[in-house]
Structures are given as structure tokens and as C-alpha cells.
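All residue numbers in this chain count up from 1 along the given sequence. Numbering of ligands and ligand atoms starts at 1, following listing order. Basis for what follows: all heavy atoms, side chains included, without hydrogens, waters or symmetry-related copies.
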Amino acid sequence: MPRALITGITGQDGLYLAELLLSKGYEVYGFMRGQNNPKRELVESTVPDVKLLTGDLTDLSSLMRALEASQPDEFYNLGAISFVAYSWENAHVTSEVTGQGVLNALESVRLFAGKDAHTIRFYQASSSEMFGKVQQVPQSEETLLWPRSPYGVAKVFGHYMTINYRESYGMHASSGILFNHESPRRGPEFVTRKISQAVARISLGLQDSITLGNLDARRDWGFAGDYVEAMWLMLQQDEADDYVISTNETHEIREYLDLAFAHVGIEDWEPLVKQDPRFMRPAEVDLLIGDSTKARTTLGWNPKVDFPSLVTMMVDSDLAEQKRLVGLS
Ligand code: NAP
Ligand code: F7E
């Protein structure tokens with residue numbers, strides 16, 4: 001039975017990846033912060049077969065202990081401070097967790113396994129935020145990186161550190177440059193979930209309006225369930241490498257609003273959406289659109305959920321949750 005260790009197990013991708021690996025017969029270990037983590041219950045109820053280990057990406061010794069306890073064949077480093085807006089307010093801790101945390105994870109594998117470090121296949125969760133002020137459209141593995149947020153800068157550090165450990169120590173370390181991917185498990189601070197939750201509440205008469213920031217930004221949005229499959233495929237290759245994972249389509253936030261409101265029968269949503277500079281960013285990433293040709297041809301990966309289906313999936317899930325919360329179902 002193959003064994004996998006996942007950092008970021010309480011997050012959106014951690015849960016989907018754990019489900020995928022369990023379905024493939026893996027023994028799965030989840031690395032989680034704190035003995036009193038409020039998300040422990042969620043993990044225990046969603047993926048009860050995952051064995052939980054506690055620690056922190058900023059603490060090398062806790063990663064070493066997790067490796068000792070799990071003896072993994074595959075190590076998926078998904079843990080990070082992942083909210084871009086927050087990274088300006090807390091740039092230092094973002095660099096420690098999202099940046100140096102990757103170094104700790106790589107170093108823990110090298111120290112733990114020594115000359116056998118290549119036998120633990122390593123996945124790093126890199127991000128399209130690294131493209132920032134885009135230098136090429138669409139963005140591929142060859143596109144120059146120009147991060148526009150402390151989060152993006154930290155991800156660039158982790159990305160190159162992963163490549164460096166591959167080249168210096170022969171580690172099987174791969175980096176997935178994932179474009180935005182969403183789901184009903186997306187944190188409510190991210191724009192897609194913020195909208196799906198608000199649309200559900202507005203349609204049920206529980207909320208009057210929603211307040212957003214910049215509506216002109218464009219993103220290449222996919223479904224998280226599809227994207228974790230790409231992570232797994234990367235670690236099944238003989239050679240480690242870097243891959244862009246994206247739908248190759250870009251959509252404005254307004255299009256997401258159009259589809260989400262239309263799904264609950266509201267066509268004229270403009271009066272329901274307010275804008276507040278509080279949700280604007282000091283520097284914006286305006287246009288993200290990925291070119292995932294390499295992943296499609298080499299890994300045989302293809303996204304299955306398209307943009308309209310993603311939006312309706314998220315709104316339907318929030319409608320069900322809101323109805324449950326107010327006792328309507
Ligand atoms: P998420 O839902 O925000 O999950 C982040 C996870 O990191 C949580 O489990 C969190 O644990 C954990 N974490 C935070 N600080 C930690 C620390 N100091 N030590 C250990 N764990 C810590 O993120 P996601 O959407 O699943 O994304 C997974 C990874 O992919 C992240 O690295 C993210 O940056 C990257 N990524 C995401 C996207 C996307 O669109 N979703 C795109 C590209 C790359 P707590 O519950 O304890 O906070
Ligand atoms: O913002 C705009 C905002 O916070 C998307 C993370 O998973 O994907 C994610 O980062 C866009 C931005 O995601 C609001 O200005 C407008 O242009 O949903 P988001 P993100 O910043 O793209 C990348 C690939 C990651 O790696 C990250 O970890 O939406 N926007 N109004 C807003 N955004 C938010 N959050 N809230 C608003 O009210």
C-alpha cells in the first residue's frame with residue numbers, strides 16, 4: 001500500500017487530494033497545525049481514514065517527526081498562507097510559511113532520507129500568482145515570473161527552491177503551477193465563494209447585497225477536484241518536472257456574477273453589487289490565462305468541469321447549506 005503525506009490537509013485541495021489518494025488505495029497522513037485546530041472535525045468527518053499528525057511548516061523538527069511517523073512514498077506540500085490580500089498585511093509571516101516553509105519541507109526530506117531522498121516523490125503547490133504582471137499571454141512553464149504580491153514572491157522562492165533541490169540533490173521534486181481552482185470547499189474569503197455564498201443568501205432573502213473590490217480582474221478558474229488529479233499524475237512520472245495546470249480560458253468576475261445570479265433567477269444584479277476600496281489590492285494581477293498543453297500531452301490530464309458548471313455547483317452547494325442553516329431543509 002503506497003503512503004502519502006499531505007501538508008495543508010485542512011484546506012480545499014488537501015481534502016480533495018486525500019479523497020483521491022484514499023480511493024486509489026493509499027495510506028494517507030495529514031499534517032495539521034495545532035492540537036486544537038477548528039478544522040480537525042471537518043477533516044475527521046470528510047476523510048475519516050486519514051491519519052492526522054500535528055506540526056507547522058515553520059518548524060523543521062515537526063516535519064521530520066511527520067516523515068518518521070508516515071514513512072511516505074509521496075509528499076504533497078499544499079500548506080501555505082494562501083490568501084493573497086492577507087499577504088500584504090502580513091508579508092513577513094507569509095514569507096515564512098509560504099516561502100521558507102517549502103525550504104523546510106524539502107530540507108526535511110533531504111535530512112530524513114539522505115541519499116535515498118529521491119525515493120520520496122515531492123509535490124510543491126506553486127501558483128499562477130507567480131506570473132503577476134504577466135509578461136506573456138497565455139502563460140506557460142517558460143513564461144518569465146513577475147510576482148505582484150508578497151504571496152507571489154514567497155511562491156517564487158518555493159518554486160525555485162523545489163527546482164534547486166531537484167537539480168542539486170537529484171530529488172524527485174515537481175512543481176505544479178496551478179491557476180485558480182475553486183469548489184464548494186473554497187474558503188469564503190476568496191471571490192468565487194464569497195459570491196456564491198452571497199447569491200444564495202440574497203435569493204433566500206437573508207442578505208440584501210454583496211460588497212466586492214475590483215470587478216475587472218480576469219482569472220482562469222477550474223475545479224479543485226480536477227486539479228488534485230494533476231498533482232497525483234505529476235508524481236507518477238519517471239522524471240520530476242514543472243507543469244502549468246489550467247483550463248486555458250479566462251473569465252471576468254462580472255461573468256461569474258452573471259452566471260451565479262442567473263442561476264437563482266436574478267438577471268439584473270448590478271444594483272445588488274457594491275464596491276468598496278477595502279477589497280482593492282495595492283497591486284493587481286489583471287489577466288491570468290494558462291497554457292496547460294504540456295500537462296495535457298505529457299500527463300494526459302484534462303479538466304472535466306467547465307466554468308458554467310463550476311459556478312452552478314458552487315451556488316447549489318451554498319443554497320443547500322444556507323437552507324440547512326436557517327432550517328428550511
Ligand atoms: P487553503 O484552503 O487556504 O489551505 C491552506 C492550508 O495550509 C490549510 O490547511 C492551512 O491550515 C495550511 N497552513 C497554513 N499555515 C500553515 C502552517 N504554518 N503550517 C502548516 N500548515 C499551514 O489553500 P488551497 O486552496 O487548498 O491551496 C492549496 C495550496 O495550493 C496552497 O499552497 C496554495 O497556496 C496553493 N495554490 C492554490 C490555488 C487555488 O486556486 N486554490 C492555486 C495555486 C496554488 P489551517 O487550517 O491550520 O489554516
Ligand atoms: O481573488 C478580485 C481580486 O482572492 C481573485 C488563491 O488561491 O488563486 C487565489 O488567489 C480576484 C482578484 O483569488 C474581491 O482583486 C474582487 O483579482 O479569489 P481571490 P486570487 O487572489 O486570484 C491563486 C492562483 C493562488 O495561488 C491563491 O492562493 O478577485 N476581487 N473583489 C476580490 N477578491 C476577493 N478575495 N474578495 C473580493 O471582495
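- In this model, a donor atom of one side chain and an acceptor atom of the other lie less than 3.5 Å apart for Thr143 and Gln136.
- For the residue pair Thr312 and His263, no side-chain donor N or O sits within less than 3.5 Å of a side-chain acceptor on the partner.
- In this structure, the protein non-hydrogen atom closest to atom 31 (N) of ligand 2 is Gly213 N, 2.8 Å.
- Close contacts between ligand 2 and Ser127 involve ligand atoms 23 (C), 24 (C), 25 (C), 26 (O) [criterion: under 4.0 Å to a heavy atom].
- The pair Arg65-Glu68 does not count as a salt bridge, with every side-chain nitrogen at least 4.0 angstrom from each carboxylate oxygen.
- Of the listed residues (Ser126, Gly14, Pro38), the one carrying the non-hydrogen atom nearest atom 44 (C) of ligand 1 is Ser126.
- In summary, of the residues considered (Arg166, His159, Glu141, Lys155), a side chain to side chain donor-acceptor pair (under 3.5 Å) with Ser175 occurs for His159 alone.
- Closest to atom 18 (O) of ligand 2, if we only count protein heavy atoms, is Val191 N, 2.9 Å.
- Cation-pi contact between Arg193 and Phe190: absent, since separation from the ring centre below 6.0 Å together with deviation from the ring axis within 45° is not met.
- Protein heavy atom closest to atom 38 (C) of ligand 1, with residue, atom name and distance, is His181 CE1, 3.2 Å.
- Comparing Val273, Leu288, Ile253, Asp13 by heavy-atom distance to atom 29 (O) of ligand 2, the nearest is Ile253.
- Under a 4.0 Å criterion applied to the non-hydrogen atoms of Ser82, ligand 2 contributes the atoms 6 (C), 27 (C), 28 (O).
- We find that Glu252 and Arg219 are not joined by a salt bridge, their nearest charged nitrogen and carboxylate oxygen being 4.0 Å or further apart.
- In this structure, Lys115 fails the cation-pi test against Tyr169, since its NZ or CZ atom is not both closer than 6.0 Å to the six-membered ring centre and inside 45 degrees of the ring normal.
- Contacts of Thr98 with ligand 1, taken as heavy-atom pairs under 4.0 Å, are absent altogether.
- With contacts defined as side-chain heavy-atom distances shorter than 4.5 Å, the pair Tyr86/Ile81 qualifies.
- Counting only heavy atoms of the protein, atom 35 (N) of ligand 2 lies nearest to Glu189 O, 2.9 Å.
- Residue Phe279 approaches ligand 2 through these ligand atoms, each under 4.0 Å from one of its heavy atoms: 38 (O).
- Looking at atom 5 (C) of ligand 1, its nearest protein heavy atom turns out to be Ala80 O, 3.6 Å.
- The nearest protein atom to atom 43 (C) of ligand 1, hydrogens excluded, is given as Leu178 O, 3.1 Å; this is a heavy-atom distance.
- Summary of contacts: the protein heavy atom closest to atom 7 (O) of ligand 2 is Arg186 NH2, 2.9 Å.
- For atom 6 (C) of ligand 1, the closest non-hydrogen atom of the protein is Gly8 CA, 3.6 Å.
- Contacts between Gln12 and ligand 1, counted as non-hydrogen atom pairs separated by less than 4.0 Å, involve both the backbone and the side chain.
- Centroid-to-centroid, the aromatic rings of Tyr16 and Phe223 come within less than 6.0 Å.
- Taking every non-hydrogen atom of Glu284 and a distance limit under 4.0 Å, the qualifying atoms of ligand 2 come out as 3 (C), 12 (C), 15 (O), 17 (O).
- The closest approach between a heavy atom of Asp56 and any atom of ligand 1 is below 4.0 Å.
- The part of Lys155 lying near ligand 1 is the side chain, judged by heavy-atom distances below 4.0 Å.
- Evaluated by nearest non-hydrogen atom to atom 17 (C) of ligand 1, the leading choice among Met32, Gln124, Arg186, Arg33 is Arg33.
- What sits closest to atom 38 (O) of ligand 2 on the protein, heavy atoms only, is Lys194 NZ, 2.7 Å.
- Of the protein's non-hydrogen atoms, the one nearest atom 11 (C) of ligand 2 is Arg219 NH2, 3.8 Å.
- Assignment of Ser128 to the shell around ligand 2 is supported, since a heavy atom sits closer than 4.0 Å.
- Contacts with ligand 1 closer than 4.0 Å are made by side-chain heavy atoms of Tyr151 only, the backbone lying farther away.
- Closest protein heavy atom to atom 21 (O) of ligand 2: Arg281 NH1, 2.6 Å.
- Side-chain contact check for Ile245 versus Ile177: every heavy-atom pair is 4.5 Å or farther apart.
- For the 3.5 Å distance criterion, the side chains of Gln71 and Glu27 fail to qualify, holding no donor opposite an acceptor.
- Here the heavy atom of the protein found nearest to atom 8 (C) of ligand 1 is Thr10 OG1, 3.4 Å.
- Leu206 is connected to Leu212 through a chain of hydrophobic side-chain contacts under 4.5 Å among Ile, Leu, Val, Met, Phe, Trp and Tyr, so both are in one cluster.
- In the candidate list Leu287, Ile195, Asp286, Asn180, Asn180 is nearest to atom 9 (C) of ligand 2, counting heavy atoms.
- Summary of contacts: the protein heavy atom closest to atom 10 (O) of ligand 2 is Val84 CG2, 3.6 Å.
- In summary, the side chains of His172 and Asp238 do not present any donor paired with an acceptor at a separation below 3.5 Å, with no hydrogens or angles considered.
- To the nearest 0.5 Å, atoms CD1 (Ile6) and CZ (Phe31) are separated by 13.0 Å.
- Nearest to atom 26 (O) of ligand 1 among the protein's heavy atoms is Asp13 N, 2.8 Å.
- The contact set between ligand 2 and Phe83, taken as ligand atoms under 4.0 Å from a residue heavy atom, comprises 4 (O), 35 (N).
- For ligand 2 and Asn214, the ligand atoms under 4.0 Å from any heavy atom of the residue are 2 (C), 16 (C), 30 (N), 31 (N).
- Each of the atoms 25 (C), 26 (O), 27 (C), 28 (O) of ligand 2 lies under 4.0 Å from some heavy atom of Tyr151.
- Annotation: side chain of Met313 is in contact with side chain of Pro184 (closest heavy-atom distance under 4.5 Å).
- Looking only at heavy atoms of the protein, atom 4 (O) of ligand 1 is closest to Gly11 CA, 3.4 Å.
- When only non-hydrogen protein atoms are considered, atom 31 (C) of ligand 1 lies nearest to Leu78 O, 3.0 Å.
- Contact annotation: the side chain of Asn77 approaches that of Val102 to within less than 4.5 Å [non-hydrogen atoms, C-beta and beyond].
- Annotation: side chain of Asn248 is not in contact with side chain of Pro138 (no heavy-atom distance under 4.5 Å).
- Side-chain contact check for Trp221 versus Val191: some heavy-atom pair is nearer than 4.5 Å.
- In this structure, Val97 has a heavy atom closer than 4.0 Å to ligand 1.
- Remark: Lys133 does not engage Asp286 in a salt bridge, criterion side-chain N to carboxylate O under 4.0 Å.
- The Ala217 neighbourhood of ligand 2 comprises atoms 17 (O), with distances under 4.0 Å to a heavy atom of that residue.
- When the heavy-atom distances from atom 1 (P) of ligand 1 to Gly176, Ser82, Gly222 are ranked, the shortest goes to Ser82.
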